[in-house]
Amino acid sequence: MALINHLFATQTPPVAEKPERSLWDEHLPAILLACGTLAGACFGAILTDHYLTHRHLAAKDVLAHVKQHVNAQEHEIEGSWIEVEPVTVVRFNQEQTVYYGGFAYREDKQMKQFEFYVNPKDGQIIDIFPANAKNEL
């Protein structure tokens, strides 16, 4: 009978012990998520800084601003032009990146031509001078 009791006795199967997880294993997904988020934020900040420091206003908008400024002084412009890309000029022994352009208007039946420099980042008119004059000091 002892044999029958032994055969039919409920035995629990041996349970495999789980290996202990280290702190690294437990927090790996959170660490990877934090690293990815940080890398994305840094990359976004660098791109934003690059865009904001290297962007220029459109040349046609700058020309429209100059024409509006000149027309406000009661001169009707008959012709105008502007370089599409900013150029580097030397003024006051210092290099400056500017939009370079020109315009013409009629005054007392005589055509007057002027050239101008405009800051390509903010559209501020730096200088307006007669077309044949050298503008270097």
Side-chain angles (χ1 to χ4, degrees):
M1 182 92 173
L3 182 61
I4 294 175
N5 284 340
H6 178 67
L7 290 174
F8 290 107
T10 57
Q11 293 181 354
T12 58
V15 176
E17 292 184 28
K18 292 183 181 178
E20 286 188 35
R21 294 180 65 176
S22 68
L23 282 177
W24 177 256
D25 291 337
E26 282 184 31
H27 299 294
L28 182 62
I31 291 170
L32 291 176
L33 179 65
C35 289
T37 302
L38 183 62
C42 290
F43 187 68
I46 291 169
L47 282 178
T48 301
D49 179 60
H50 179 75
Y51 172 75
L52 291 177
T53 57
H54 291 89
R55 70 183 174 128
H56 295 129
L57 298 173
K60 65 177 183 164
D61 296 337
V62 170
L63 183 59
H65 173 69
V66 171
K67 288 167 72 173
Q68 182 181 18
H69 174 76
V70 173
N71 285 337
Q73 297 176 2
E74 299 181 12
H75 299 292
E76 181 139 357
I77 293 179
E78 292 190 18
S80 61
W81 60 274
I82 191 167
E83 295 284 335
V84 178
E85 293 292 322
V87 296
T88 301
V89 297
V90 177
R91 295 184 67 235
F92 307 109
N93 293 324
Q94 189 176 28
E95 285 189 356
Q96 290 181 316
T97 302
V98 298
Y99 274 125
Y100 170 61
F103 59 89
Y105 63 85
R106 199 171 293 280
E107 184 175 83
D108 298 326
K109 297 183 181 182
Q110 207 173 35
M111 188 65 75
K112 298 207 175 197
Q113 295 183 1
F114 289 86
E115 294 177 353
F116 59 85
Y117 295 143
V118 176
N119 185 330
K121 292 184 180 180
D122 62 11
Q124 179 182 355
I125 298 172
I126 297 172
D127 198 5
I128 297 177
F129 51 93
N132 297 328
K134 281 280 188 188
N135 190 26
E136 292 186 30
L137 297 177

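Worth saying up front: this structure is predicted, and the values here are computed from it rather than measured.
From H75, atom NE2 reaches atom NE2 of H69 across 9.5 Å, with rounding to the nearest 0.5 Å. Summarising the geometry, atom NE2 belonging to H56 is positioned 6.5 Å from atom OG1 belonging to T97; distances are rounded to the nearest 0.5 Å. Here the CD-CG distance, from Q96 to D127, works out to 9.5 Å after rounding to the nearest 0.5 Å. In this structure, CD on E76 lies 12.5 Å from OH on Y105, to the nearest 0.5 angstrom. Taking CG from N132 and CD from E115, the interatomic distance works out to 8.0 Å, rounded to the nearest 0.5 Å. Rounding to the nearest 0.5 Å places CG of L32 at 10.5 Å from OG1 of T37.
The backbone N or O of L57 sits less than 3.5 Å from a side-chain atom of Y99, completing a donor-acceptor pair. Here the side chain of D122 pairs a donor or acceptor atom with the backbone of Q124 at under 3.5 angstrom.
Put simply, the side chain of V87 does not reach to within 4.5 Å of the side chain of Y117, judged on heavy atoms. Two residues are said to be in side-chain contact when any heavy atoms from C-beta on lie closer than 4.5 Å; V98 and R91 fail this criterion. A heavy-atom distance below 4.5 Å is found between the side chains of I125 and H65. Using a 4.5 Å heavy-atom cutoff, the side chains of R106 and K112 are not in contact.
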Stepwise ring-ring contact (aromatic ring centres under 6.0 Å, His included) test for F116 and W81: CA-CA 10 Å; F116 59 85; W81 60 274; 7.2 Å; no
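Atom CD of E78 sits in a crowded spot, with more than 12 heavy atoms from other residues, nucleotides or ligands closer than 6.0 Å. Within 6.0 Å of CD in Q68 there are 12 or fewer heavy atoms belonging to other residues, nucleotides or ligands. Heavy-atom neighbours of E107 CD from other residues, nucleotides or ligands within 6.0 Å: above the threshold of 12.
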